[in-house]
2 protein chains.
Amino acid sequence: MSGIRAQQKEKTRRLLVDAALNQLSAERSFSNLSLREVAKEAGLAATSFYRHFNDMDELGLTLVDEAGLTLRQLMRQARQRIEKGGSVIQISVFTFMEFIEANGNVFRLLLRERSGTSPEFRAAVNREIRYFTMELCDYLQKANKLDHETSYLQANAAVIIVFSAGAEALDANKMEKEELTNRTIKQLRFIARGAMDLSARTKIMQGN
Amino acid sequence: MSGIRAQQKEKTRRLLVDAALNQLSAERSFSNLSLREVAKEAGLAATSFYRHFNDMDELGLTLVDEAGLTLRQLMRQARQRIEKGGSVIQISVFTFMEFIEANGNVFRLLLRERSGTSPEFRAAVNREIRYFTMELCDYLQKANKLDHETSYLQANAAVIIVFSAGAEALDANKMEKEELTNRTIKQLRFIARGAMDLSARTKIMQGN
DNA sequence: AAGTTGAGCTTACACGTGTACACTATTCTA
DNA sequence: TAGAATAGTGTACACGTGTAAGCTCAACTT
């Protein structure tokens, strides 16, 4: 059941996926990538594309899934770093910025398709971001002993700020990136401080 | 010097701009709008397009400019409302959400082109957002007597949060929008509180 | 060993695209 | 009022697109 044939197929499927990823750049979004171009880059005849995907959208959704996976691996990596000590916020931002540096095109894909024309794509990206937010929410809830609503609001705001900084980092040079990182860290501290503060006040007013 | 001719020309130029705006929707982004389609929608022959714009990009940049203008008018409107009393944050968010409701396609244009493939478009959108942020920064600095850095960080974070909420509102139903509005207001309060707090602390540590 | 399956190929087609070119008709200029 | 300028038109072209049809040949099944 090894399947020398299925194996070969999987291999050229990867070729297509990688070809698509390689063509993505600041100047080239997935939506203006043609089936023919991708097939050519993969070294295949255009029509062979259909042996693996029904259309470009199907390939695109695969890409989004993979991007989400990468993103979650990143989270795990960050958590490991945090366990070794250091500021949670600082380490998270650094880790995220390193991700952008190494996976610019993947991140661009997420950013673009989130506001793109395909409802399916938008949903897929938002799902990935939701996972990301939820993991952070859980973490905050446990680490800071906040109620669920407050920690969710904080997690959600933090993810938005970090993603937006990531988007800006894509076009930034080294110095700008450093400044951007500092700015982001301070902003996350605003949010964390405000969350603690307002949550405490609510507790007092509710008498618990 | 009235120029019956120049007048006519301006009129059909508007026809083109409006045609483009009308074709924008959740399913249709500017980048997959063709010159021929726009010309047809405007009731013109395809080649007449060139009498007004060199290419679609030029039309697109005009659109972005107009969108920015609308956005700034919005700010003024919000400030007027605020002067009549009420929570600054609440009124700002309400005003912004009304803008999204009424100008969904314009807002979509800004969102999409901010992460689009054209550097010129990206720059244009970011310029508009920067204006928007600066106005808010000035306001915060005066109203809350914060230092420039803190009020800038706060303004920047607030704009990011509000824009992101706007993006989500585009796909939301009435109930979701209400919830989204409340969430956003709370998040802006986090940021405002954190900014005040951390700014005060810095002042004390610096001994002034 | 014989027959079936399927990955990849070539060829072919209809369609939408941007834009060059030449033309008409109206407005502007002198 | 004669001539230049120009907004708008219709035709034409080359090009890239998605995809249908049918072929080959290696891998699978029985």
Side-chain angles (χ1 to χ4, degrees), chain A residues 1-25 27-63 112-113 116-121, chain B residues 1-25 27-63 112-113 116-121:
Chain A
M1 268 294 198
S2 92
I4 177 165
R5 192 168 208 161
Q7 206 174 312
Q8 196 34 252
K9 181 169 187 182
E10 181 53 33
K11 217 167 160 183
T12 79
R13 190 189 135 106
R14 263 257 61 89
L15 238 49
L16 281 169
V17 171
D18 290 342
L21 269 175
N22 282 334
Q23 312 225 43
L24 291 180
S25 73
E27 296 77 22
R28 212 89 168 68
S29 75
F30 181 79
S31 60
N32 53 45
L33 219 61
S34 81
L35 183 153
R36 286 174 113 107
E37 281 174 304
V38 173
K40 186 183 232 175
E41 169 87 9
L44 293 186
T47 47
S48 303
F49 181 95
Y50 295 108
R51 300 288 183 198
H52 302 272
F53 302 97
N54 283 321
D55 49 30
M56 281 292 283
D57 274 17
E58 211 172 294
L59 203 187
L61 290 172
T62 304
L63 254 44
R112 284 174 175 155
E113 298 311 328
T117 44
S118 155
E120 215 170 346
F121 271 62
Chain B
M1 265 297 197
S2 92
I4 178 166
R5 191 166 211 161
Q7 206 173 314
Q8 199 30 254
K9 181 167 188 182
E10 182 53 34
K11 217 168 161 182
T12 80
R13 189 190 136 104
R14 263 256 60 90
L15 238 49
L16 281 169
V17 171
D18 289 341
L21 269 175
N22 282 333
Q23 312 225 42
L24 291 180
S25 72
E27 296 76 24
R28 214 89 168 66
S29 75
F30 181 79
S31 60
N32 52 45
L33 218 61
S34 81
L35 182 154
R36 286 175 112 107
E37 281 174 305
V38 174
K40 186 183 233 176
E41 169 87 8
L44 294 186
T47 46
S48 302
F49 181 95
Y50 295 107
R51 300 289 181 198
H52 303 273
F53 302 98
N54 283 320
D55 50 29
M56 281 291 284
D57 274 17
E58 211 172 294
L59 204 188
L61 290 172
T62 304
L63 253 46
R112 284 175 175 155
E113 298 311 329
T117 44
S118 155
E120 214 170 348
F121 271 63

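In this text the structure is predicted, and so the values were computed from the model without any measurement. Computed over heavy atoms, backbone and side chain alike; hydrogens, waters and symmetry mates excluded. In what follows, every chain begins at residue 1, and chains take the letters A, B, ... in the order their sequences are listed.
Mapping A:Ala46 and B:Ala46 onto DNA chain D by nearest heavy atom places B:Ala46 at the nucleotide closer to the 5' end. Heavy-atom nearest nucleotides on DNA chain C were determined for A:Arg51 and for B:Arg36, and the one closer to the 5' end corresponds to A:Arg51.
Taking CZ from B:Arg13 and NE2 from B:His52, the interatomic distance works out to 9.0 Å, rounded to the nearest 0.5 Å. Considering CD of A:Glu37 and CD of A:Gln23, their distance stands at 5.5 Å, rounded to 0.5 Å. For the atom pair CD of A:Glu58 and OG1 of A:Thr62, the computed distance is 6.5 Å after rounding to the nearest 0.5 Å.
Across all strands, B:Thr12 comes closer than 4.0 Å only to sugar-phosphate atoms, never to a base (heavy-atom distances). Counting any heavy atom pair closer than 4.0 Å across all strands shown, B:Ser48 reaches a base atom. Nucleic acid contact class of A:Thr47 (heavy atoms, under 4.0 Å, all strands): base.
The separation between A:Gln8 atom CD and C:dC9 atom P is 11 Å, rounded to whole Å. The CG-C1' distance, from B:Leu16 to D:dG8, rounds to 11 Å in whole Å. Separating the CD1 atom of B:Ile4 from the P atom of C:dT29 is a distance of 13 Å, rounded to the nearest angstrom. Spacing between atom CZ of A:Arg13 and atom P of C:dG6 amounts to 17 Å, rounded to whole angstrom units. The nearest whole Å value for the distance from the CG atom in A:Leu44 to the P atom in C:dT10 is 11 Å. In this structure, CG of A:Leu59 is placed 13 Å from P of D:dT19, rounded to the nearest angstrom. Regarding A:Asp55, its CG atom lies at a distance of 16 Å from the P atom of D:dT17, rounded to whole Å. Look at CD on B:Gln7: it is 15 Å from C1' on C:dT26, rounded to the nearest Å.
Closest to the side chain of B:His52, out of D:dC28, D:dT6, D:dG8, is D:dG8. Out of D:dG18, C:dG8, D:dA27, the shortest distance to the side chain of A:Leu35 is found at D:dG18. Comparing C:dC9, C:dT19, D:dA5 by their nearest atom to the side chain of B:Tyr50 picks out C:dT19.
Checked by atom type and distance alone, the side chain of A:Asn32 pairs as donor or acceptor with a backbone atom of A:Ser29 at under 3.5 Å. A:Arg28 places no side-chain N or O within 3.5 Å of a backbone atom of B:Thr117 that could act as its donor or acceptor partner.
Side-chain N/O atoms of A:Ser34 include none lying less than 4.0 angstrom from OP1 or OP2 on D:dG16.
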